[in-house]
Number of protein chains: 2
Amino acid sequence: MTVWDRPEPPPPPVPLDRERIVAAAVALADEGGLTAVSLRKVAARLNAGPMRLYGHLSTKDELFDLMVDAVQAEILPDTQPGDWRETLRVVAHRTRRTVLRHEWLADLLGGRPTLGPNGLAVTETQLAALDGLADTDTVLRAVETVGAYVIGALRREVANLRAERATGLSKRDWQRAHGPHVTRMLATGRFPALARAVHDGTEVDAETSFTTGLDWVLDAVATRLPRPPA
Amino acid sequence: MTVWDRPEPPPPPVPLDRERIVAAAVALADEGGLTAVSLRKVAARLNAGPMRLYGHLSTKDELFDLMVDAVQAEILPDTQPGDWRETLRVVAHRTRRTVLRHEWLADLLGGRPTLGPNGLAVTETQLAALDGLADTDTVLRAVETVGAYVIGALRREVANLRAERATGLSKRDWQRAHGPHVTRMLATGRFPALARAVHDGTEVDAETSFTTGLDWVLDAVATRLPRPPA
DNA sequence: TCGGGGTCGATACAGTGTATCGCTATGAGA
DNA sequence: TCTCATAGCGATACACTGTATCGACCCCGA
């Protein structure tokens, strides 16, 4: 073997730490979705063999947890907003922006308890905003309810986004979009209310839809706060 | 080779159809979760090779869609309940029971648009219940909002259920349950409202929590219906 | 300089979804 | 009834997954 056919020396291995691993995983997921995240590919990005990761993680699910917590940092508001309602609204909208930036987050949100530092910080922000406005149990219920709505709404939004993308830029044409299947279904007459809704419904953009539902839920919360802020 | 060591003849292959395939997949998922569903195992249950399934499915995701639609049949109420509120409540509770019977459903719900016959039937039921009580857009918004809450709440409920199961029957001891990690976090003093909430909060069972939040959301919907039923 | 201990990561394994394509079994034509 | 073409089925193969194992290497103490 001469110098000429000696293979390129491998790049010097990067010293690993959780932060770097998670950053690489997030980058991969942003580019190709959750399924593009494999321990081999993450390790390859760091010029390492797969097993090196196991010094810092014990399982792939743990990596997912760390990824979720990492991007949850983007949810925390930079400045404390005004009243409780504004706080919950801002957190919800920042959650939405984060999910749209990292679509894979929709697949993970709500799938496991979020106990990382950033996840706890988000919860802390919400609880602090409602602190003193009602008894602890009501406050907890409020945060849970709003959180449930946000997760469900964002999952649906991303699901629709992907479906539209997959069937080729189809916006409101539900029917044509998802192939003749749905059209045929609606034509059977077994779903009259649904058919009418599809026919009469206005096309509303996802953000408005999200905001409207959120306001409804926030109204519901407001009703349960016995001590409105002065 | 003699007759004695001739291997057992394979059982006669079952004639396949979608229904049988989906039933086998659902059974596997009920027993071992979504990860226990592999095309090979599903096929094995039907005494078939893996590729036989591809005559009836084109991809594994399609199988998941069919599984979701299959169990959604359990959500449809047997008898039409009274007013719109009762209808939405019943559908929500039946959804919850279905998710608890098939925990894997929590992983799939909201992940893709539900366009199967049963999924459409569920939507139809909800829309029909609200038909005429408000303009189409408001009705759609109402169904979406309630649906988002239900999906989010059930995902969290199942996530907590699994976490409790994994850390060994730990109920409300969040802190001890998830190891010293959360305890340490709370002890840092960075999450005062959260610490207080964990300390003061009453233990409420999941069903009550679900029902309470649901009632809040239904109240919010009621506010937007201009024409209350006579 | 030698020996021992501890860690790191290459190799190996059991399993995945699915593309490919040789075989078989059927049906038509003579 | 015999022959041949064809169409579809499913065994085999492939690329890839997460992770257990364990041999090799390196560093430190003697």
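Each chain gets a letter, A, B and so on, in the order its sequence line appears, and its residues count up from 1.
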Review point. How bent is the helix from dT1(C)-dA30(D) to dA30(C)-dT1(D), comparing axes over its five end pairs at each side, to the nearest 10°?
Key: 30°
Review point. Without hydrogens or angle criteria, can the side chains of S209(A) and E144(B) be said to hold a donor-acceptor pair below 3.5 Å?
Key: yes
Practice item. Find the distance E62(A):CD to dT19(D):P and express it as a whole number of Å. Key: 11 Å
Practice item. Indicate whether any N or O donor in one side chain lies under 3.5 Å from an N or O acceptor in the other, for T211(A) and H93(A). Key: yes
Exercise for review: Answer whether the closest heavy-atom distance between the side chains of L140(B) and L127(B) falls below 4.5 Å.
Suggested key: yes
Can you name the atoms? Protein N/O to nucleotides 20-22 of chain D N/O, anything below 3.5 Å, with the distance.
none

Review point. Counting just side-chain N and O atoms, does K41(B) come under 4.0 Å of either OP1 or OP2 of dG15(C)?
Key: no
Review point. Would the number of heavy atoms belonging to other residues, nucleotides or ligands and lying under 6.0 Å from CZ of R101(A) be above 12?
Key: yes
Review point. OP1 or OP2 of dG18(D) sitting under 4.0 Å from any side-chain N/O of T59(A)?
Key: no
Review point. Which atom names give the shortest non-hydrogen contact between R155(A) and D107(B), and what distance separates them?
Key: NH2-O, 3.3 Å
Check your understanding: Rounded to whole angstroms, how far apart are NZ on K60(B) and P on dC16(D)?
Key -> 18 Å
Check your understanding: Nearest-Å distance, CG (L53(A)) to P (dC8(C))?
Key -> 13 Å
Practice item. Ignoring backbone atoms, establish whether R52(B) has a side-chain N or O less than 4.0 Å from OP1 or OP2 of dC9(D). Key: no
**Study point:** Strand contacts (DNA chain C) in residues 33-40 of chain B, 4.0 angstrom heavy-atom criterion
**Key:** V37(B), S38(B), L39(B), R40(B)
Practice item. Kindly compute the distance separating CZ (F191(B)) from CZ (R196(B)), expressed to the nearest 0.5 Å. Key: 14.0 Å
Check your understanding: Any side-chain heavy-atom pair from L39(A) and L63(A) closer than 4.5 angstrom?
Key -> yes
**Study point:** Residues forming a side-chain contact (heavy atoms from CB on, under 4.5 Å) with S58(A), sequence neighbours excluded
**Key:** E62(A)
Point to revise | Distance in angstrom units between D61(B) CG and dT16(C) P, rounded | key: 16 Å
Check your understanding: Is there a side-chain contact between L214(B) and Y149(B), using heavy atoms and a 4.5 Å cut-off?
Key -> yes
Check your understanding: Roughly, in whole Å, what's the span from CG in N47(A) to C1' in dG9(C)?
Key -> 15 Å
Study note, to complete from the structure: Applying side-chain hydrogen bond (donor to acceptor under 3.5 Å, both in side chains) to R112(A) and not counting sequence neighbours gives D61(A), D65(A)
Practice item. Taking side-chain contact (heavy atoms from CB on, under 4.5 Å) as the test, write out the residues that go with D78(A), two or more places apart. Key: R94(A)
